[in-house]
Number of protein chains: 2
Amino acid sequence: MADDPADAPPAAAARVHAGTLEATPPTGLPVAGAPRASGSGAPTLEDVARVAGVSRATVSRVVNGQRRVAAEIQAVVREAIATTGYVPNLAARSLVTRRTGAVIVVVSGAEEQGKPSTIDFADPFFGRVVGGMLRALRPHAVDPILMLAETDADRSRVLSSLRNGNADGALVVSTRGDDPMPGLLVEAGLPAVVFARPGRPIPLSFVDVANRDGARLAAEHLVTRGCRHVAAISGPLDVPSAQDRLSGFQDAMARHGQAFVPTAGGNFTYESGVAAMTALLDGYGDLDGVFASNDLMALGAIQALQTAGRRVPEDVRVIGFDDSSLGALSRPALTSVRQPIEEMAAEMARILLDTIADPGRRVTSTIFEPTLRIRASA
Amino acid sequence: MADDPADAPPAAAARVHAGTLEATPPTGLPVAGAPRASGSGAPTLEDVARVAGVSRATVSRVVNGQRRVAAEIQAVVREAIATTGYVPNLAARSLVTRRTGAVIVVVSGAEEQGKPSTIDFADPFFGRVVGGMLRALRPHAVDPILMLAETDADRSRVLSSLRNGNADGALVVSTRGDDPMPGLLVEAGLPAVVFARPGRPIPLSFVDVANRDGARLAAEHLVTRGCRHVAAISGPLDVPSAQDRLSGFQDAMARHGQAFVPTAGGNFTYESGVAAMTALLDGYGDLDGVFASNDLMALGAIQALQTAGRRVPEDVRVIGFDDSSLGALSRPALTSVRQPIEEMAAEMARILLDTIADPGRRVTSTIFEPTLRIRASA
DNA sequence: CCAGTGCCGGAGAGCGCTCTCGCGAATTCG
DNA sequence: CGAATTCGCGAGAGCGCTCTCCGGCACTGG
């Protein structure tokens with residue numbers, strides 16, 4: 001969502017040089033510090049067992065710490081592992097254990113008619129989510145496999161991968177409320193956790209932020225700052241979070257005496273923020289506060305306000321939602337409702353790991369409390 | 001690099017609710033549209049073969065399109081595959097083919113003393129690179145596995161994964177010039193491609209942008225706009241790209257009559273841009289143009305200039321490097337040298353795939369030509 | 001002193017797939 | 001028209017690992 005239309009690759013960027021260096025990689029040469037077993041390929045359990053003078057099973061036990069193995073034998077085996085440079089073949093292991101030690105991170109957005117994609121990887125949101133997952137997964141030696149789910153083909157590829165044991169579960173980040181991915185996952189009985197409450201209620205674990213509370217925070221802050229005529233710029237109302245943010249804001253304002261909140265709809269993009277604010281200004285010239293359902297639209301709103309000759313925050317105060325790095329760097333710096341994205345992503349990973357470990361486990365959801373990050377714009 | 005220090009999770013963000021829904025996932029139930037074979041678990045080649053009345057080998061041939069199989073038998077097999085809902089087990093396949101259909105995307109940044117990490121996933125750069133790779137990899141049914149490489153342990157994990165056939169190759173995105181990861185990969189003779197020229201010359205394929213040309217573009221633009229006293233804010237000079245951008249800029253300015261370019265060093269962060277600009281202003285009050293080696297520092301420079309009472313672009317023109325979405329949204333919008341990141345990432349994927357297919361292949365590099373994206377700041 | 005009870009290590013059976021090999025049938029050439 | 005080929009399919013051997021069984025040994029209790 002954080003991108004500029006101009007970010008499409010310009011035709012002018014041409015490849016200029018494709019040179020070659022002299023050396024080829026030393027394929028097949030024994031690697032320093034990791035000597036291969038004699039014979040072809042990487043050392044196997046068998047090789048280690050032979051070197052250690054024990055059986056495959058014993059080596060396996062040492063490697064996996066499954067059962068008690070005599071201390072001295074353990075020592076011998078470990079040394080044999082070190083000298084052979086053994087490293088377990090995960091394919092072989094997962095063939096028998098039916099565990100892969102990998103989860104799929106599904107970035108799900110529907111491909112619209114015409115538009116190539118709804119997914120914008122330049123949005124810092126994406127990186128923060130992935131980073132949070134990565135750090136939570138790492139201690140468990142579980143790796144994330146990234147997959148796009150834009151088309152039906154993509155989605156069935158995700159399902160296949162999961163079903164045939166290419167990965168143990170899925171962490172889904174949807175960009176749309178009507179995303180079919182969560183439903184498909186539930187239907188297939190596959191372990192999965194989604195970011196943000198799914199569009200329709202389904203028995204699927206999710207992690208979310210208390211959107212209504214966040215909106216309330218924004219409303220109260222605007223009121224405290226003396227705003228009397230505030231408006232809202234909402235996201236697409238088929239997205240549950242957009243819905244919650246709007247209604248939460250309206251309710252909070254009503255409690256503070258402003259029963260009617262002028263509202264314009266956007267689609268979470270900068271341009272839609274500009275358009276919404278312009279429309280709002282047309283109908284309600286005396287606005288002194290605006291709450292936008294995300295930072296990008298808030299930034300667009302500020303732009304529209306400044307174009308219209310209003311000063312932010314002096315004339316109109318603006319609050320966004322997401323606390324993205326964009327808002328922090330823009331001038332005036334954006335006041336915004338902060339969701340702890342990294343923590344939320346980490347929690348997703350945690351829930352998924354639990355679900356994988358115990359598939360019978362009940363579906364759970366964790367809601368995080370947002371905070372208000374006050375900067376210059378409100 | 002695009003983040004605000006305040007983005008660290010605030011302690012206030014507490015978990016508020018961890019509810020449970022009633023239903024548990026229908027584990028083990030036959031899935032609509034994907035009926036399981038009788039017996040336990042997913043259908044195997046064997047099952048399909050039995051249903052189709054042929055041998056495992058034939059089914060395998062049909063699945064992989066290996067050798068000619070009689071058309072009618074193919075039809076029967078395909079139907080059997082459809083009715084059983086067969087989907088190949090990748091672990092089993094990769095056990096024998098020694099191919100995994102996965103590559104590791106290594107996000108490599110060294111963990112400094114004290115600082116937890118140099119890697120900032122909120123930087124749109126990260127998402128753009130990953131997105132570009134994803135789209136290039138997808139047609140080949142190759143999935144990216146994301147791994148962090150901050151510590152030595154991380155790096156050896158990457159190496160192990162590669163060596164034991166958990167993935168076929170690595171795409172490395174380094175954030176530092178002295179990153180040991182590329183060297184380790186070369187030493188181990190593993191297929192890999194890195195983003196940006198490695199710190200020291202090693203026989204490893206890489207993709208880069210013509211940094212010197214980009215800097216020249218910036219220099220020429222400033223000169224054309226009438227700037228006579230320009231300065232540069234460089235990145236850490238142990239990073240090759242920072243080095244190239246600076247020297248390219250200096251050379252181009254020299255060609256246009258400004259032999260000496262006042263320079264201040266930064267570390268690619270917003271704050272360092274502020275600091276560098278402030279220092280520059282101290283020493284050289286008559287500056288009318290600044291080239292920063294990335295957008296974040298350019299944004300910081302603008303901030304410092306405005307604080308010092310200079311107008312951008314009227315008094316001082318500022319050009320960044322990266323054409324990040326941040327620059328497009330900031331006011332004044334940032335003029336910046338654009339590197340076609342998505343294309344570059346896609347090219348990395350292409351080179352890696354080629355290298356995997358033909359390991360004897362020579363090391364290659366592709367240099368992309370940058371373009372100047374002119375906005376308000378210069 | 002002998003049976004009973006652990007406990008530790010080895011043997012071996014697969015996990016699901018690919019791929020070589022070989023055989024029978026169809027095809028082609030002399 | 002017979003022989004040489006080619007072609008299509010099936011049989012079967014693993015790929016490297018885990019895990020269940022089982023046997024042997026030491027230790028304990030009666």
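Remember, it's a predicted structure, so these values are computed and weren't measured experimentally.
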With no hydrogens and no angle check, is any side-chain donor or acceptor of A:T84 less than 3.5 Å from a backbone partner on A:P43? no

Under 3.5 Å, which donor-acceptor pairs link side chains of residues 87-95 of chain A to any protein atom two or more places apart or in another chain?
unit_1: A:N89; atom_1: OD1; unit_2: A:A91; atom_2: N; d: 2.8
unit_1: A:N89; atom_1: OD1; unit_2: A:A92; atom_2: N; d: 3.0
unit_1: A:R93; atom_1: NH2; unit_2: A:N64; atom_2: OD1; d: 3.3

Residues in contact with DNA chain C, drawn from residues 71-79 of chain B - heavy-atom cutoff 4.0 Å: none

Can a salt bridge be assigned to the pair B:E150 and A:R138 using a cut-off of 4.0 Å between side-chain N and carboxylate O? yes

For A:R61, enumerate each residue passing the side chain to side chain donor-acceptor pair (under 3.5 Å) test, keeping only those at least two apart in sequence or located in another chain. none

Between B:S60 (side chain) and B:R56 (backbone), is there a donor-acceptor pair under 3.5 Å? no

With sequence neighbours excluded, what pairs up with B:D168 under the salt bridge (charged side-chain N to carboxylate O under 4.0 Å, His left out) test? none

Do nucleotides 17-26 of chain D as a string where each nucleotide becomes B, S or -: B if the base has a protein heavy atom under 4.0 Å, S if just the sugar-phosphate does, - if no protein is that close. BBB-B-----

If you measure from the Lys or Arg side-chain nitrogens to the Asp or Glu carboxylate oxygens, is any gap between B:D358 and B:R361 under 4.0 Å? no

In whole Å, what is the span from the CZ atom of A:R50 to the C1' atom of D:dG16? 13 Å

Are A:D179 and A:S108 close enough that a side-chain donor and a side-chain acceptor fall under 3.5 Å? yes

Going by an N to O cut-off under 4.0 Å, is there a salt bridge joining B:R157 and B:D154? no

Roughly how many Å is it from CZ in B:R99 to P in C:dC19, rounded to a whole number? 11 Å

Tabulated below should be each protein N or O lying under 3.5 Å from an N or O of nucleotides 24-26 of chain C; please produce it.
none

Tightest non-hydrogen contact, residues A:F206 and A:P198, listed as CD2-CD, 3.9 Å

